[in-house]
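Notes follow once the structure below has been shown.
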Amino acid sequence: MSTQLTPILTKFWDHPTSWTLETYEANGGYQGLRKALQTEQADLVQMAKDSGLRGRGGAGFPTGLKWSFLPPPDGGPRYLVVNADEAEPGTCKDIPLLLAAPQFLIEGMVITSFAIGCHHAFIYLRGEVAHVHRRVQRAIAEAYAAGYLGKDILGTGFDLDITLHSGAGAYICGEETALLDSLEGRRGQPRLKPPFPAVAGLYARPTVVNNVESIASIAPIAANGADWFADMGTEKSQGFGIFSLSGHVTRPGQYEAPLGITLRELLEMAGGIRNGRKLKFWTPGGSSTPLFTDQHLDVPLDFESVAAEGSMLGTRALQIFDETVSVVRAVSRWTDFYAHESCGKCTPCREGTFWLKQIMHRLEAGTGSQDDIDKLVDICDNILGRAFCALGDGATSPITSAVQYFREEFEAGMHTPASELFPPGRSTLFAKETQPA
Amino acid sequence: MSAETHDPLHRYTPLQASDEPYTEEQLASLRADAEQIMAKYPQKRSALLPLLHLIQSVDGYVTGRGVDLCAELLDLTRAEVSGVATFYTQYKRHPNGEYTVGVCTNTLCAIMGGDQIFDEVSEHLGIGHDETTADGKITLERVECNAACDFAPVVMANWEFFDNQTPESTKQLVDDLRSGTPVAPTRGASRVCTFKQVSRMLAGFEDGLADEGVGAGPASLEGLKLAKERGWTAPDAEETTDPSTEDTTSDPEPETGEEHSSAAQPGTGEEKDA
């Protein structure tokens, strides 16, 4: 039986005023909070564990387990920080979620804060999405007015404030410790771990940092129960997630489905590759996850199956490229991105991405030298596992996987420009359909 | 910075260059706003990023006098403030145009047409990346992924979404912005606010436009639309949470959560979110 979509977080995005508290409550909103506030805090942490929810921001770390790492209360503050710095290339789920239905996040934050004993929570939202700021600001204001935030929430004596914090354009701030430094008013550079944020996070206090979709999912889990969530998905990758299809598909968009769905199934839903063309390569979870090809159409998109095939589920950002696209050009541009966004703190990433960029530019221009491919692979080898944070590792993913699957295109980069082999005009959205593939 | 025929406003202005002091009124209003921002945080240094947005809302970029003020308000050195201001791409180091037009040229958008859009708009305006038209209206930028890949190619105007762009539509957009013709983002407010207005909003001051625009664009709704057509819904809570119903699917029921050893995966135990 083929997998079916499960609209939960996306369920009422088509409502004309989907973002209001009224619409949210009409769709069962804040029922989870009411139940949660009647539950012991430890039981809520257990609920998150039992649900099997794993971090939706890319790493897939079990959410409940992360909460349970907080040391016992010592009377001082504990913080929840939501990572809304969505900027991984290809990833486009949190931003539409916050634009369409921000109350999911607010409810999830109140439940989570109650569970971990937090009274001041933060949303770190990237700065480059003006209207999402307005919607989240409005959602917070509505929640205060309705008594879901502030003092004595729903008469339980529990207090919580939420501060919306604007980033200012830095991909690295999606890394949780860089995010914390940025939130403290510093350059966004990652911290040495340990200590992990659970022990010494924001202002060196115990802190949980979770992704938007993770915390948003807590609201329906609290309402419907851990088993309801755990029964979806696969044995070790439970629940649902938003799969974002982009690029050369007929109907790109957001498809909310149980983990374990395959690209073949999703492509069928999205009308296949545009204009009957062929799939060439794709990312399972953003540009930091090694590329897949048409051999991987039937890999279940869950954490284990994708890892077993040498990539990562990441953020379920499925960027689809058809056969008109030069893989060298694609990888070259991603490499520009990592070089631009490298924070400069550690040498392997700062220097390595700089040199990777030089080589990729040569290969794209058709002026690569004979040992460039080996040099690329060697530099990647010296970054992977040696960089301070996952940004450096991510920079190597597209390169090593592309060399693995499309080595001949890199070899062609020693004599022929990518734009000659793959004229860019044929790949665009506005390409004339009459142009031969 | 190659233009001979035109004179881009963009000149590299050192951060500390603007020595002209704020007027009394400007200063009073900046201090009052800063007070509100700082009150949102347990430690005032956290207010630095929003304060820099606030400076841009008045000065149009991060000025030397703005750096001085932030340093004074937060008990930091000017070097500490400058160090932060220069780290983030949204903070401008020279006078910005009234509208920042950012063409996404990260891989997916570039391939879907972003490269061609950028080239044509750049030629149309006679300016390159991070340069401003002589009338002070448009600063053109290449931007990184803006989390709207299903609407590629995407152009941002003062951080509002213009989806599914073509070279023609973006040239029209910049022409309209320059001439003052009203333009509406695809998903956003009913108009494009100025750089200074948006900076103020990012500093944390509501502008009352949240209820304008759509909840979701067409691509965001594709999955939902299909689910409705095919009658697909998420399972009901009752079906799965009622323990009295015999569960024949032999759920192994391990210690879910703790057994999931994603921490054992090298390199992925860290939360690289973004």
Side-chain angles (χ1 to χ4, degrees), chain A residues 4-8 10 13-14 18-19 49-50 52 57-62 64-65 83 86-90 92 95-96 100 127-128 130-131 134-135 138 163 166 168-170 174-176 185 187 211 224-225 227-228 231 246 251-255 319 330 333-334 390 393 427-430, chain B residues 40 43 45-46 48-50 53 83-84 87-91 106-108 110-113 116 144-150 152-153 159-160 166 188-189 198 201-202 206 209-210 213 215-216 219-224 226-227 232 234 237 240-241 256-257 260 262 267-268 270-274:
Chain A
Q4 300 185 353
L5 296 176
T6 51
I8 297 162
T10 58
W13 286 12
D14 57 351
S18 61
W19 60 90
K49 285 186 182 177
D50 290 344
F61 194 82
L65 190 59
N83 186 343
E86 181 169 65
E88 167 78 15
C92 49
I95 292 302
E128 303 103 317
H131 211 50
R134 298 190 185 104
R135 289 275 163 85
R138 185 192 190 284
T163 296
S166 171
E175 198 280 339
E176 62 177 7
R187 296 164 77 91
N211 166 261
N224 299 321
D227 292 344
W228 165 81
D231 282 351
S246 61
R251 287 187 295 278
Q254 309 299 325
Y255 296 80
Q319 304 174 88
R333 192 58 60 87
W334 278 319
D393 295 346
S427 304
T428 64
L429 183 74
F430 38 82
Chain B
K40 294 180 186 174
Q43 295 188 10
R45 182 169 178 159
S46 282
L48 181 51
L49 267 65
H53 284 303
V84 171
F87 185 82
Y88 298 91
T89 51
Q90 273 184 296
Y91 298 133
N106 199 300
T107 298
L108 190 113
I111 284 172
M112 298 299 287
Q116 193 182 331
E144 299 295 1
C145 185
N146 227 96
C149 315
D150 44 346
W159 313 115
E160 301 276 10
T166 64
V198 170
M201 201 267 298
L202 293 177
E206 286 187 57
L209 306 179
S220 308
L221 300 174
E222 287 291 355
L224 179 60
L226 185 76
W232 292 341
T240 51
T241 52
T256 39
H260 297 171
S262 76
T268 62
E270 276 181 87
E271 190 88 344
K272 178 64 197 83
D273 233 331

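Residue numbers start from 1 in every chain, and the chains themselves are labelled A, B, ... in the order their sequence lines are given, proteins ahead of strands. Keep in mind that the numbers below use all heavy atoms, side chains included, and drop hydrogens, waters and symmetry copies.
- Under the 4.5 Å side-chain criterion, counting only non-hydrogen atoms from C-beta, B:W159 is not in contact with A:H131.
- Heavy-atom distances place the side chain of A:S18, and not its backbone, under 4.5 Å from chain B.
- Residues A:P252 and B:A219 share a closest heavy-atom pair of O-CB, 3.5 Å.
- In this structure, A:E128 and B:Q90 have side chains that are in contact, with non-hydrogen atoms separated by less than 4.5 Å.
- Across every non-hydrogen atom of B:G223 and A:L5, the tightest pair is O-CD1, 3.4 Å.
- Here the straight-line distance linking atom OG of B:S220 with atom CD1 of A:I95 works out to 11.0 Å at 0.5 Å rounding.
- A donor-acceptor pair is defined here as one N or O able to donate and one able to accept, closer than 3.5 Å; no such pair exists between the side chain of A:R187 and the backbone of B:F87.
- Inter-residue side-chain proximity for A:E88 and B:C145 is flagged as unmet; no heavy-atom pair is nearer than 4.5 Å.
- For the set A:G64, A:A170, A:P7, the entry with the most heavy-atom pairs within less than 4.5 Å of chain B is A:P7.
- The greatest number of non-hydrogen atom pairs below 4.5 Å with chain A, out of B:R45, B:Q43, B:K40, B:E222, is found for B:R45.
- Between the OG1 atom of A:T10 and the CG atom of B:L224 there is a distance of 5.5 Å, given to the nearest 0.5 Å.
- Note: B:A189 leads B:A189, B:A148, B:A110 in heavy-atom pairs under 4.5 Å with chain A.
- In this structure, B:A216 and A:W13 approach most closely via the heavy-atom pair CB-O, 3.8 Å.
- Between chain A and the residues B:L48, B:V84, B:V198, B:I111, the largest count of heavy-atom pairs under 4.5 Å involves B:I111.
- In this structure, CG in B:L209 is found 10.5 Å from CZ in A:R135, a value given to the nearest 0.5 Å.
- A salt bridge links B:E160 and A:R134; the closest N-O separation between the charged side-chain nitrogens and carboxylate oxygens is under 4.0 Å.
- If you measure heavy-atom distances from B:E206 to chain A, the contacts under 4.5 Å come from both the backbone and the side chain.
- Of the listed residues B:N106, B:L226, B:T166, B:L108, the one with more heavy-atom pairs under 4.5 angstrom with chain A than any other is B:L108.
- Both the backbone and the side chain of A:W334 have a heavy atom closer than 4.5 Å to some heavy atom of chain B.
- Contacts of B:T89 classified as side chain to side chain contact (heavy atoms under 4.5 Å, CB included), with partners at least two apart in sequence or in another chain: A:H340.
- B:L202 and A:S166 get closest at one heavy-atom pair: O-CB, 3.3 Å.
- Qualifying side chain to side chain contact (heavy atoms under 4.5 Å, CB included) partners for A:L429, counting only residues two or more places apart in sequence or in other chains: B:M112, B:P153, B:N164.
- The candidate with the highest count of non-hydrogen atom pairs below 4.5 Å against chain B, out of A:S427, A:A330, A:S246, is A:S246.
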